[in-house]
Amino acid sequence: MQNQNYRRIWQTVLQIPSGKVASYGQIADLAGLPGRARLVGKALGYAPEELAVPWYRVLRSDRSLAFTPGSASAEEQRHRLLSEGVLLINYRVQAQYLWQPDLAELLFKLQY
DNA sequence: ACTGTGACTTATG
DNA sequence: TCATAAGCCACAG
């Protein structure tokens, strides 16, 4: 887990503001890893607790949760999002909650 | 080297 | 909207 790619993914997810969400593919792109959306899911699973990575702000490109509906993980994600004001309707969030970062500012913060 | 498996995505009907 | 199919890539066995 000392993987540099994982580190970049965690740092990118850390930039998602409260109340906003991003897709796995979007995070992969922003982290400089286009085409590796699946790696993002893997990286989130390995994220160190102390880093406090907001994994629940990441979902599929169609704005639905990646976990199977009703599962413990899905419920935790749903609750965490709700506590930030992001309401899920049929396991989907509204487009208004999508994160649209300022690329110049983001790249500066990530220091790539 | 080969194969199966995902916290995925896009195209198509 | 759904459902299916194919593409995708890292990783484990």
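So that the names make sense, note that chain A is the first sequence line, chain B the second, and so on, each numbered from 1. Everything quoted here is computed from the prediction, not taken from an experiment.
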Using the test side chain to side chain contact (heavy atoms under 4.5 Å, CB included), find all partners of [X] that sit at least two apart in sequence or belong to another chain.
| X | value |
| --- | --- |
| S18(A) | R57(A), E84(A) |
| L106(A) | Q15(A), L30(A), W99(A), P101(A), L110(A) |
| E105(A) | D102(A), K109(A) |
| S83(A) | none |

The correct set of residues in residues 35-44 of chain A placing a heavy atom under 4.0 Å from DNA chain C is G35(A), R36(A), R38(A), L39(A)
Answer yes or no: does atom CD of Q96(A) have more than 12 heavy-atom neighbours from other residues, nucleotides or ligands under 6.0 Å? yes
Shortest non-hydrogen separation from A37(A) to A28(A) and the atoms involved: N-CB, 4.0 Å
Could you tell me whether the side chain of V93(A) reaches within less than 4.5 Å of the side chain of L87(A), counting heavy atoms only? no
State, yes or no, whether a side-chain contact exists between I16(A) and V21(A) at a heavy-atom distance under 4.5 Å. no
Classify the ring geometry of Y46(A) against Y6(A): parallel below 30°, tilted from 30° to 60°, perpendicular beyond 60°. tilted
Residues in residues 63-79 of chain A with a heavy atom under 4.0 Å of DNA chain B, by number, are A66(A), F67(A)
For DNA chain B, find the residues of residues 82-96 of chain A with a heavy-atom distance under 4.0 Å and give them by number; none if there aren't any. none
Listed by chain and number, what are the side-chain hydrogen bond (donor to acceptor under 3.5 Å, both in side chains) partners of D62(A), not counting sequence neighbours? S64(A)
Could you tell me which residues satisfy side-chain hydrogen bond (donor to acceptor under 3.5 Å, both in side chains) with R36(A), sequence neighbours excluded, listed by chain and number? none
Can you list, pair by pair, the side-chain donor-acceptor contacts under 3.5 Å of residues 72-79 of chain A, counting residues two or more places apart and other chains?
| residue | atom | partner | partner atom | Å |
| --- | --- | --- | --- | --- |
| E75(A) | OE1 | R78(A) | NE | 3.4 |
| E75(A) | OE1 | R78(A) | NH2 | 2.9 |
| E75(A) | OE2 | R78(A) | NE | 3.3 |
| E75(A) | OE2 | Y91(A) | OH | 2.8 |
| E76(A) | OE2 | R80(A) | NE | 3.0 |
| E76(A) | OE2 | R80(A) | NH2 | 3.3 |
| Q77(A) | NE2 | Y56(A) | O | 3.0 |
| Q77(A) | NE2 | V58(A) | O | 3.1 |

Does W10(A) reach the main-chain N or O of V53(A) with its side chain, forming a donor-acceptor pair under 3.5 Å? no
Give the cluster check for L51(A) versus L39(A): same hydrophobic cluster or not, with ILVMFWY residues linked at side-chain heavy-atom distances below 4.5 Å. yes
Hydrophobic clustering (ILVMFWY, side-chain heavy atoms < 4.5 Å, transitive) - are L98(A) and L103(A) grouped together? yes
First and last nucleotide of DNA chain B in contact with chain A, 5' to 3', at under 4.0 Å to a heavy atom: what are they? dG6(B) to dT10(B)
Start and end of the DNA chain C segment that chain A contacts, any atom under 4.0 Å from a heavy atom: dG7(C) to dC11(C)
